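So that the names make sense, note that chain A is the first sequence line, chain B the second, and so on, each numbered from 1. The structure presented is a predicted model; accordingly, all values stated were derived computationally and were not measured.
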2 protein chains.
Amino acid sequence: MRHNNPTGTVLYTIEQAIKEYRKIAQKNILQIVKDITIDQCLVLIILNNNAEISQNELANLVFKDNASITRMIELMVKKEYLIRTIHQEDRRKFNLEITEKGIKTIELIEPIIQLNRETALNGLSLEEITLLDKTLNKIIINCKK
Amino acid sequence: MRHNNPTGTVLYTIEQAIKEYRKIAQKNILQIVKDITIDQCLVLIILNNNAEISQNELANLVFKDNASITRMIELMVKKEYLIRTIHQEDRRKFNLEITEKGIKTIELIEPIIQLNRETALNGLSLEEITLLDKTLNKIIINCKK
DNA sequence: CAAATATAATTGATACATCAATATTAATTA
DNA sequence: TAATTAATATTGATGTATCAATTATATTTG
């Protein structure tokens with residue numbers, strides 16, 4: 001079962017696919033909002049749909065390390081996308097609040113992200129996508145145990 | 001076509017899958033060879049199968065930026081996996097040669113990599129894998145144009 | 001042949017990834 | 001309640017990703 005790539009495994013194709021997607025996604029977003037990355041966009045959107053979330057939970061949702069999230073939030077606070085305040089009930093935690101600038105940015109980028117996804121998945125049938133998701137989830141489970 | 005993840009797109013599952021795979025791959029390799037990363041392993045293996053390759057070509061094969069490759073090679077030369085000398089016919093290029101240590105490392109890690117791939121793809125049928133590859137390639141093409 | 005253009009690789013800047021160690025606060029247990 | 005353990009987040013170290021600008025060498029063109 002060789003594949004048409006230097007390592008001969010589909011795992012390599014997975015990596016290539018996500019890299020190509022990230023490339024166009026970042027490029028298109030940059031044309032609308034200058035100082036943001038796709039990862040920061042994702043954080044904004046997740047926070048928007050999940051208020052009151054902790055950094056830990058956020059990290060899990062976006063599949064990032066705790067350390068990465070800490071640094072991303074630092075940057076996003078500095079760039080005034082987020083406000084971070086100490087959580088009153090549990091002083092180990094923080095509240096993450098989206099600023100006005102953050103909200104405006106979400107409105108700007110959401111259609112772009114939508115478009116990026118449509119571009120990437122253009123011409124794929126529902127079955128193909130469903131099956132893709134199913135197969136990838138098998139791989140994820142295999143790797144987790 | 002929503003998926004069971006925070007963004008509701010399979011593109012997210014792709015990212016998750018490759019991240020999980022890289023995690024176990026790196027962990028297993030680290031148990032055998034202390035000072036190497038999966039990316040450096042891949043570079044070693046590609047170089048082993050493609051002598052006389054330029055940094056440019058190497059970058060394309062492993063889907064990395066030229067800048068990334070330059071820095072990886074620097075590190076790998078420092079760690080004595082590679083020797084880099086100026087190309088005689090074209091003085092803009094370099095010859096990349098694998099050291100003894102590099103060869104020994106390849107022999108150590110190749111079975112591990114094989115095992116990692118088998119673990120990740122365990123229980124998947126040939127059809128599933130073929131289809132996965134095919135669908136991913138459609139996405140890659142979509143993103144490239 | 002000289003000037004312009006193309007190619008190969010490097011460098012700087014910034015962001016994310018991962019691991020291990022640490023600090024702080026909360027919850028559990030002796 | 002004091003001591004232990006667990007949970008949350010940070011920090012340091014190292015490696016990779018991407019873009020833009022630059023250097024050095026080759027090739028093409030006028």
Side-chain angles (χ1 to χ4, degrees), chain A residues 15-16 18-31 33-43 52-60 62-79 81-82 84-96, chain B residues 15-16 18-31 33-44 52-60 62-79 81-82 84-96 143:
Chain A
E15 181 141 20
Q16 189 186 0
I18 200 62
K19 276 190 181 174
E20 292 296 342
Y21 174 66
R22 289 180 64 93
K23 215 176 280 181
I24 63 148
Q26 178 68 65
K27 201 176 78 184
N28 291 337
I29 286 173
L30 213 64
Q31 291 179 343
V33 182
K34 299 301 162 201
D35 69 339
I36 204 164
T37 68
I38 25 173
D39 295 289
Q40 291 172 6
C41 290
L42 191 53
V43 164
E52 309 287 316
I53 210 179
S54 75
Q55 291 188 194
N56 258 334
E57 294 165 317
L58 178 58
N60 287 332
V62 295
F63 298 115
K64 286 181 191 301
D65 197 69
N66 255 338
S68 290
I69 286 292
T70 293
R71 282 159 187 146
M72 283 182 71
I73 288 173
E74 246 173 61
L75 281 178
M76 292 176 76
V77 168
K78 196 177 293 172
K79 288 184 188 170
Y81 286 112
L82 296 181
R84 211 176 72 137
T85 52
I86 295 174
H87 196 283
Q88 286 312 322
E89 283 97 74
D90 187 339
R91 297 174 51 75
R92 293 169 300 184
K93 294 187 180 177
F94 292 92
N95 305 309
L96 299 173
Chain B
E15 181 140 21
Q16 190 185 1
I18 200 62
K19 277 191 178 172
E20 293 296 343
Y21 173 66
R22 290 179 65 93
K23 217 177 278 180
I24 62 148
Q26 178 67 66
K27 203 176 77 188
N28 291 336
I29 285 173
L30 214 64
Q31 291 179 344
V33 182
K34 300 300 161 200
D35 69 339
I36 204 165
T37 68
I38 25 172
D39 295 290
Q40 291 170 5
C41 289
L42 190 54
V43 164
L44 272 186
E52 310 285 317
I53 210 180
S54 75
Q55 292 188 192
N56 258 332
E57 293 165 319
L58 177 58
N60 286 333
V62 294
F63 297 116
K64 287 181 190 301
D65 198 68
N66 254 338
S68 292
I69 285 291
T70 292
R71 282 158 187 147
M72 286 181 69
I73 287 173
E74 247 173 58
L75 283 177
M76 293 177 76
V77 167
K78 197 178 292 172
K79 288 184 187 168
Y81 286 111
L82 296 181
R84 213 175 71 136
T85 52
I86 295 175
H87 196 283
Q88 285 314 321
E89 283 97 76
D90 187 339
R91 298 172 50 77
R92 292 169 302 185
K93 292 186 180 178
F94 293 92
N95 305 308
L96 299 172
C143 291

Problem - Under 3.5 Å: donor-acceptor pair, side chain of Gln26(B), backbone of Ile36(B) - result: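 A pair under 3.5 Å: yes.
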Could you pull out all residues at least two apart from [X] that satisfy salt bridge (charged side-chain N to carboxylate O under 4.0 Å, His left out)?
X        : answer
Arg84(B) : none
Arg71(B) : none
Asp65(A) : none
Lys93(A) : none

Roughly how many Å is it from [atom1] in [X] to [atom2] in [N], rounded to a whole number?
X        : N       : atom1 : atom2 : result
Gln55(A) : dT25(C) : CD    : C1'   : 15 Å
Arg84(B) : dA8(C)  : CZ    : P     : 15 Å
Lys93(B) : dA6(C)  : NZ    : C1'   : 13 Å

For [X], enumerate each residue passing the side chain to side chain donor-acceptor pair (under 3.5 Å) test, keeping only those at least two apart in sequence or located in another chain.
X        : result
Asn56(B) : Asn66(B)
Ser54(A) : Glu57(A)
Tyr81(A) : Asp35(A)

Handout entry: 5'-most by nearest nucleotide on DNA chain C - Asn56(B) or Arg91(A)
Key =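 Its nearest nucleotide being more 5', the pick is Asn56(B).
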Handout entry: Under the side chain to side chain contact (heavy atoms under 4.5 Å, CB included) test, residues paired with Lys23(B) that sit two or more places apart
Key =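 If we apply the side chain to side chain contact (heavy atoms under 4.5 Å, CB included) test to Lys23(B), skipping adjacent residues, the hits are Glu20(B).
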Handout entry: side chain to side chain contact (heavy atoms under 4.5 Å, CB included) partners for Glu74(A), two or more places apart
Key =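 Side chain to side chain contact (heavy atoms under 4.5 Å, CB included) check on Glu74(A) returns Thr70(A).
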Handout entry: Most 5' of Ile38(B) and Lys27(A) on DNA chain D, judged by nearest nucleotide
Key =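 Comparing both residues, the 5'-ward one is Ile38(B).
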Exercise for the section: May I ask you to say what Glu74(B) touches in the nucleic acid, namely base, sugar-phosphate or nothing, with a heavy-atom cut-off under 4.0 Å? Expected result: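 Sugar-phosphate, no base atom in range.
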Practice task
Would you mind classifying the nucleic acid contact of Glu89(A) as base, sugar-phosphate or nothing, using non-hydrogen atoms under 4.0 angstrom?
Solution key: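 Sugar-phosphate: the residue Glu89(A), judged by heavy atoms under 4.0 Å, touches backbone atoms but no base.
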List every contact pair, protein side and nucleotides 14-18 of chain C side both N or O, where the distance is under 3.5 Å.
unit_1, atom_1, unit_2, atom_2, d
dA15(C), OP1, Lys79(A), NZ, 3.2
dC16(C), OP1, Thr37(A), OG1, 2.8
dC16(C), OP1, Gln40(A), NE2, 3.4
dC16(C), O3', Lys64(A), NZ, 3.4
dA17(C), OP1, Lys64(A), NZ, 2.9
dA17(C), OP1, Lys19(B), NZ, 3.1
dA17(C), OP2, Lys64(A), NZ, 3.2
dA17(C), OP2, Ser68(A), OG, 3.4
dT18(C), O4, Arg71(A), NH1, 3.0

Exercise for the section: Determine which bases of DNA chain D form Watson-Crick or G-U wobble pairs with both distances under 3.5 Å, and write the result as a 5' to 3' dot-bracket string with | for other-strand partners. Expected result: ||||||||||||||||||||||||||||||
Handout entry: Thr85(B) side, atom OG1; Leu96(B) side, atom CG - distance, nearest 0.5 Å
Key =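 One finds 8.0 Å between OG1 of Thr85(B) and CG of Leu96(B).
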Problem - Boundaries of the DNA chain D segment in contact with chain B, non-hydrogen, under 4.0 Å - result: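 Going 5' to 3' along DNA chain D, contacts run dG15(D) to dA26(D).
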